[in-house]
Number of protein chains: 2
Amino acid sequence: MPRMAAKDRREALIAAAIRLMARDGVAKATTRAIAGEAQMPLGVFHYCFASREELLQEVITRLAAESVVAARQAFAGAEDPASMITKSLQVFWQGVELHPEEQLVGYELAHYALRQPGMEPLARRQYAEYLEAIEELLSEAAKRLGTEWTAPVPVLARYVHSVLDGLTMCWIVDRNSEHSREVLRLAGEHLLSFIAEPS
Amino acid sequence: MPRMAAKDRREALIAAAIRLMARDGVAKATTRAIAGEAQMPLGVFHYCFASREELLQEVITRLAAESVVAARQAFAGAEDPASMITKSLQVFWQGVELHPEEQLVGYELAHYALRQPGMEPLARRQYAEYLEAIEELLSEAAKRLGTEWTAPVPVLARYVHSVLDGLTMCWIVDRNSEHSREVLRLAGEHLLSFIAEPS
DNA sequence: GTCTATAGGAAGATAGAC
DNA sequence: GTCTATCTTCCTATAGAC
C-alpha cells in the first residue's frame, strides 16, 4: 500500500532537491541527501528517476520556468506605464535580496549543464527562455506606451539580462545593497533612454 | 634524488589544475586527475598541499591576480585617451571570446568558495579585487582626460563589472557574438556619458 | 510498488617502505 | 623527499525479498 503515488513522489523529490540545493549547493545534492531531505529511503529515488542527472534536468527546467513566470507577474503588476520598467527592475531585485540562494542555484545548474556532455542544450534553452521573456516584456512595454525602441529589442534584452545577472552575482558575493541599487537605477534610466518619443 | 624541487612541484600541480579545470570543469579536478595531468603519482599531491582545498585556494588567488593584471595591461596599451574606455572593453572581450573556459572556471571557483564553509572570504576578496581594479582604471582615465566622473566611481565600477560578467556568461552559453558586441558598445557609450566636460 | 541490503567504483587522505 | 599500496568514506545504481 503506497503512502504516496509515484507521481507525487517525483514532485516531492524535486521539491526536496531544490530546497537542499538552495541550502547547501548543487554539489551537495547527492541522491542520498535528496532522498533524506524528502524523508524517503534511498531506493525510492531510482524508480522515480532513471538517474541523478534526470532529476537535475527536471529541476533546471522547473526553475527556469518559475523565473520567467515571476518576471511576467512583476511586469503585469505595474499600472503606470511610464514606471513599468523601473518597477519591474525593483520587483526583480527584491526577489534577489530575499532569495539569493535560488539565484545561486541557477548559476550552479547552468555551469553543471555546460560541463556535462550532452547537457549544453539545456543550459542554452535556460538562457534563451530568459532572453525571450525579457524581449516580450520590452515589446509589450513599447506597445503599451504607444512607441518603439530605438535599438534592436534582442540587444536591449541581452543588455538587461547581463546587467541583472552580473549584478546579482556581485551582490551575492559582497552584499553591497546600496551600490547595487544605484547600478540598477542607472541601468534602468539608460534603458528608458531607448524609448522613442510617441509619434 | 628528486627530479624536481617541492616548490616546482607545487607550481606544476597548480598549472595542471588550471589546465584541467579549464578543460573539464572544477568538479572533475580531483586530486587524482590533477596529479595525473601533471604526470605525477597521486602521493605527491599531499606533500605539496595539505588538501585539495588548499590547492583550490591557491588557484583562485592566482587566477584573480592574473585577470587584474590583464585588465591593467589592456588599459595601459591605449594611446588616445578618448578611446581608452572603448579599447579596454574590446581587449577584454577579445580575451573572453578567445579563452571562455578560463572565465567559466572563474565562475565555478567563486561558487565553490561561496558554498565551502569558511571560504566565502576568498570569493569576496576575488570580487573586491576586480572591482577595485576597475575603480582604479576609471579614476586613471578621468585623470588622463583632465576631468571627473559625474557618478560615484565605485558605482560605475560595479556597473561595468556587472555588465561584463553577465554578458560573458551569456555569451559562453549562447555564443551570440554579434548581439554581445552590440551590448558592449552600448554599455561603453553609456559609461562615456558619465564623463564631465573638462573644466 | 516499496524498501533493505549491497554491489562496484571513485573520492580524499595516509602509512610505511625506500 | 618519493612513491606504492591501502584505509575509509561516500557516491550512483541495482538486486531481490516482500
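Computed over heavy atoms, backbone and side chain alike; hydrogens, waters and symmetry mates excluded. Lettering of chains follows the sequences in order, A, B, ..., and the numbering in each one begins at 1.
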When you measure from the side-chain N and O atoms of A:His46 to the phosphate of D:dA13, is any distance below 4.0 Å, counting only OP1 and OP2?
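Yes, A:His46 has a side-chain N/O under 4.0 Å of OP1/OP2 on D:dA13.
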May I ask you to evaluate whether B:Arg9 reaches the phosphate of D:dC3, defined as a side-chain N or O under 4.0 Å from OP1 or OP2?
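So the side-chain polar atoms of B:Arg9 do come within 4.0 Å of the phosphate oxygens OP1 or OP2 of D:dC3, strictly under.
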Whole Å only: how far is the [atom1] atom of [X] from the [atom2] atom of [N]?
X: B:Leu55; N: C:dG12; atom1: CG; atom2: C1'; answer: 13 Å
X: B:Leu56; N: C:dA13; atom1: CG; atom2: P; answer: 10 Å
X: B:Phe45; N: D:dT2; atom1: CZ; atom2: P; answer: 16 Å
X: B:Arg32; N: D:dT4; atom1: CZ; atom2: P; answer: 13 Å
X: A:Gln39; N: C:dT2; atom1: CD; atom2: C1'; answer: 17 Å
X: B:Arg52; N: C:dT14; atom1: CZ; atom2: P; answer: 15 Å
X: B:Tyr47; N: C:dC18; atom1: OH; atom2: C1'; answer: 12 Å
X: B:Gln116; N: C:dG12; atom1: CD; atom2: C1'; answer: 13 Å

Report yes or no: do B:Glu197 and B:Thr147 form a side-chain donor-acceptor pair below 3.5 Å?
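Short answer, no.
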Look at the side chain of [X] and decide which nucleotide, out of [options], has an atom nearest to it.
X: B:Pro41; options: D:dT4, D:dG1, D:dA13; value: D:dT4
X: B:Leu42; options: D:dG1, C:dC3, C:dA13; value: C:dA13
X: B:Thr30; options: C:dG12, C:dA13, C:dC3; value: C:dG12

With no hydrogens and no angle check, is any side-chain donor or acceptor of A:Thr31 less than 3.5 Å from a backbone partner on A:Arg52?
no
Does A:Gln57 offer a backbone N or O that forms a donor-acceptor pair with the side chain of A:Thr61 under 3.5 Å?
yes
Assign each of A:Gly43 and A:Ala33 to its nearest nucleotide of DNA chain D by heavy atoms, then name whichever residue's nucleotide is nearer the 5' end.
A:Ala33
Describe, in one word, how the ring planes of B:Tyr127 and B:Tyr130 are oriented to each other, choosing from parallel (under 30°), tilted (30 to 60°) and perpendicular (over 60°).
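The arrangement is perpendicular - the two ring planes meet at more than 60°.
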Please work out which of the three classes, parallel, tilted or perpendicular, describes the rings of A:Tyr107 and B:His111, given edges at 30° and 60°.
parallel
